[in-house]
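Start at 1 and go down the list; that is how both ligands and their atoms are numbered.
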Amino acid sequence: MRTAYDLSLEDLTARVTGWGEPAYRAKQVWRQLWQRAATYDEMTDLPPALRERLAEEVPLGVEVLDERTSDRGATRKSLLRLGGEHVIETVLMGYPDRVTVCISSQSGCAMGCTFCATGQMGLRNNLTTGEIAAQVVWARREAARLPPTTPQRLGNVVFMGMGEPLANERHVFAAIERLTDRASFGLGARHITVSTVGLVPGIAHLTTAHPQVGLAVSFHAASDELRSSLVPPNDLYPLAVLEEAMAAWRAATHRRPSIEWAMIDRVNDTEEQATLLAPIARRLGAHVNLIPLNPTPGYPVVGSSRGRIRRFVDVLECARVNVTVRDTRGRSIDAACGQLALSASGA
Ligand code: SAH
Ligand code: SF4
């Protein structure tokens, strides 16, 4: 057990009754932990001695080490220590119509994508089920503190923070289970998206385990030679195999996958790449999401210019591919995609 959110209701009941408390207390704590996203201090209907013991023996396990805001307070990047040990970043993004939290599944990442700051630091640790879920519970609480220009209510969860979720499948799937369980957190699975570098077995497992969860696949290139140079796991799961897995996901779930593409100046923003991407996206009925490359210390190349992005979009649109350019929220605080590398802590 690393955090209170790692316990099942049965585990919690065993603890609480072991301390001589009635079993209904466990249910009371559980509801407040998950549904109200309450801290022990806020559980004022519990006897103070019980609250103290819970805080000591089953801590919530979320400590805020640092916090930065941008976009007039609507984007908040928080450096969190989970379970007393694992340091990661979680980003809360408030829009006029929704609040989304971008969560981490690992501290660091082993996949080695050259342009990604998390990849540049290597893998430190997998997060536990509770550590993953705790970020979302924490976000539900924090959403209320966002400016009134946002709904101040958590709506969506994306696994686009640190780490490769399908390389920590067991804990990621168990966290999704808890978060979507009506008796626990009660978030609709359709409001969750898993973003993966393209680990094919994991995509198949996701289809079976959580067919309602959205799928985003980080392509970045539409030829194997270029993709392998940017995204090393492409050697194991080349584009044809990846497309097949995504097609199977689409057939089973009847949903559109997303294709993520970081726009890197003169590397993957060429007409040739757009022309190769178009038929793949069409076959998959995929939505293409272009992300202007965010600068990272270990990758000297810059993001594409507006003109080059425009041309890339034109090629896709002419081929009737659904495409959008993602905003670069939080760039000034290193909270944008791929920049989550513990910059705030120097850790
Ligand atoms: N490991 C998963 C999820 C985390 S990365 C994955 O790779 O999909 C989340 C997204 O940020 C991915 O699409 C990733 O390719 C993108 N990304 C990484 N580094 C980036 C950078 N420097 N600029 C823009 N996007 C980046
Ligand atoms: Fe890992 Fe995703 Fe970064 Fe690649 S882009 S190194 S898979 S976090």
If we number the atoms of ligand 1 from 1 as shown, the ones under 4.0 Å from a heavy atom of Thr196 are 6 (C), 8 (O)
Item to check | ligand 1 contact by Ala216, heavy-atom criterion under 4.0 angstrom | outcome: no
Taking only non-hydrogen atoms of Asn294 and a 4.0 Å limit, the atoms of ligand 1 in range are 21 (C), 22 (N), 23 (N), 24 (C)
Backbone or side-chain N/O/S of Cys116 under 2.8 Å of atom 3 (Fe) of ligand 2 | yes
| Would you say the side chains of Asn168 and Gln106 form a donor-acceptor pair under 3.5 Å? | no
| query | Does an N or O from Thr296, backbone or side chain, lie closer than 3.5 Å to an N or O of ligand 1? | reply | no
Review point. Does Phe159 have a non-hydrogen atom less than 4.0 Å from ligand 1?
Key: yes
Out of Ala262, Gly198, Gly163, Ser218, the nearest non-hydrogen contact to atom 12 (C) of ligand 1 is supplied by Ser218
Ligand 1 atoms nearer than 4.0 angstrom to some heavy atom of Glu260 are 13 (O)
Ligand 2 atoms nearer than 4.0 angstrom to some heavy atom of Met111 are 1 (Fe), 7 (S)
Taking NZ, NE, NH1 and NH2 as the nitrogens, is one of them in Arg53 or Glu56 under 4.0 Å from a carboxylate oxygen of the other? no
To atom 8 (S) of ligand 2, the nearest of Gly163, Gly119, Pro232, Gly198 on a heavy-atom basis is Gly163
message = If we ignore hydrogens and angles and just use 3.5 Å, is the side chain of Asn156 paired with the main-chain N or O of Arg98 as donor and acceptor?
response = no
Heteroatom test (N, O or S) for Cys113 near atom 4 (Fe) of ligand 2, limit 2.8 Å: yes
With Val288 as partner, the option from Asn322, Leu277, Val313 fulfilling side chain to side chain contact (heavy atoms under 4.5 Å, CB included) is Leu277
Notebook entry, point to check: Are Arg51 and Asp41 within salt-bridge range, i.e. N to O under 4.0 Å?
Noted result: no
Query raised in the report: Does Gly161 have a heavy atom less than 4.0 Å from any atom of ligand 1?
Result: yes
Counting from 1 in the order shown, the ligand 2 atoms closer than 4.0 Å to a non-hydrogen atom of Val197 are 7 (S)
So the atoms of ligand 1 within less than 4.0 Å of a heavy atom of Cys116 turn out to be 18 (C), 19 (N)
| Cation over ring face, Arg227 and Phe219, 6.0 Å, 45° | yes
- Message: Please confirm whether the ring centroid of Phe173 lies under 6.0 Å from the ring centroid of His210.
- Response: yes
Original post:
If we only count N/O pairs under 3.5 Å, is Phe115 in contact with ligand 1?
Top reply: yes
Please confirm whether His220 comes within less than 3.5 Å of ligand 1 when only nitrogen or oxygen atoms on both sides are compared.
yes
Problem set entry | Electrostatic pair Arg141:Glu42 at N-O distance under 4.0 angstrom | no
(Q) Do the side chains of Arg310 and Asp314 get close enough for a salt bridge, i.e. N-O under 4.0 angstrom? (A) yes
Q.
Any carboxylate oxygen within less than 4.0 angstrom of a Lys/Arg side-chain nitrogen, looking at Glu67 and Lys77?
A. no
